[in-house]
Amino acid sequence: GNANVETGSIETSDAAVNQLFSNIMWGMRDNFLSTATDCPQRNERLGWTADTHIFSRTATYNADTAGFYRKWLQDMRDSQFGPESGRLEGAYPDVAPNTHIVGGGNGGWAEAGIIVPWNVYLMYGDTQLLEEHFPSMEKFMDYLATRGDSEWKYNGGGAASGDWLSPESNDPTVIRYVSVAYYAYAAQLMEKISGIIGNTEKQQEYAQLCDDIKAEFNERYVNPDGTLKNLAVATQTTYLLALKLDLYETEAQREHALA
């Protein structure tokens, strides 16, 4: 179990909204038993890292989850792939604690090892958590740096899942795009985290990495008018990621993407 003290509540004049919030709270109670799981009702019940980071900001509003996520981040460090894993060295697992049933290092999943501590910091101001987890995050960034190929340097993590629940398209080009975008997101957060803990050298290093990923992203995926290229289907998700992560180079491109 856990000892999370619930802190969030809302009551409106709409019964459907009230029921939705109740469902969210019960979903959280059912899936925050020792570790964050994806569902409590079937025999899988694994701690999928994408589910964890997507819900983490909501969770910090609804309950005091500081201790829960500190423990979960220890699970991530304990499950991080070591030198014996070859090309996966430094990668975070797809589920934590790692069951070794599934893999690791995949874009949109593994970045939870950076996104969750950032969200915890935003809500609780815990710089100590960032400092104790920073060496592990650096190992993960080192892993991402090895993923380039002869054509593109900044490929991001593995391309296993991408936009997992997309109603439009999640073909291999979209999956790779998601991994590249999440690499950019990880670099952006590492720049901010480095500054917060006072590591100005690393802050400058990650600022340069952000610029480099953005430049290659535009060469690889963005047309001059802001439309996206080299994708089987340019989906809502692909445009939203570029907009949210400030990956367009000009305001005109951003405006066209919003049109």
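Positions are given from 1 along the sequence.
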Salt bridge (Lys or Arg N to Asp or Glu O under 4.0 Å) with [X]: which residues, sequence neighbours excluded?
X      : value
Glu251 : Arg254
Asp163 : none
Arg87  : none
Asp126 : Arg70

So, Glu138 versus Tyr206: side-chain donor-acceptor pair below 3.5 Å or not?
-> yes

Side chains of [X] and [Y]: does their closest heavy-atom pair fall under 4.5 Å?
X      : Y      : value
Asp78  : Pro97  : no
Lys214 : Asp246 : yes
Tyr69  : Leu129 : no
Val102 : Trp48  : yes
Arg77  : Leu73  : yes

Would you say the side-chain atoms of [X] pair up with the backbone N or O of [Y], donor to acceptor, closer than 3.5 Å?
X      : Y      : value
Tyr182 : Gly162 : no
Asn155 : Arg147 : yes
Glu168 : Gln236 : yes
Asp94  : Thr49  : no
Lys71  : Ser34  : yes
His53  : Gly108 : yes

Quick one: which residue pairs count as a side-chain hydrogen bond (donor to acceptor under 3.5 Å, both in side chains) with a foot in residues 184-198, not counting sequence neighbours?
-> none

Under the side-chain hydrogen bond (donor to acceptor under 3.5 Å, both in side chains) rule, what pairs show up with a residue in residues 16-30, not counting sequence neighbours?
-> Glu6-Arg29, Thr12-Asn18, Gln19-Asn23

Not counting sequence neighbours, which residues clear side-chain hydrogen bond (donor to acceptor under 3.5 Å, both in side chains) with Thr37? List them please.
-> Asn31

Could you tell me which residues satisfy side-chain hydrogen bond (donor to acceptor under 3.5 Å, both in side chains) with Glu89, sequence neighbours excluded, listed by chain and number?
-> none

What residues form a ring-ring contact (aromatic ring centres under 6.0 Å, His included) with Tyr121, not counting sequence neighbours?
-> Trp118

Using the test ring-ring contact (aromatic ring centres under 6.0 Å, His included), find all partners of Phe217 that sit at least two apart in sequence or belong to another chain.
-> Tyr177, Tyr221

When rounded to the nearest 0.5 angstrom, what distance separates NZ in Lys202 from CE in Met137?
-> 12.0 Å

Please list every donor-acceptor pair under 3.5 Å in which a side-chain atom of residues 222-232 meets a protein atom from a residue at least two apart or in another chain.
from   : atom 1 : to     : atom 2 : distance (Å)
Asn223 : ND2    : Thr227 : OG1    : 2.9
Asp225 : OD1    : Thr227 : N      : 3.0
Asp225 : OD1    : Thr227 : OG1    : 2.6
Lys229 : NZ     : Glu219 : O      : 3.2
Asn230 : ND2    : Arg220 : O      : 2.6

Sort and list the pairs that fulfil salt bridge (charged side-chain N to carboxylate O under 4.0 Å, His left out) and have at least one residue in residues 11-20, not counting sequence neighbours.
-> none

Non-hydrogen atoms of Ala110 and Met76 that approach each other most closely = O-CE, 4.3 Å

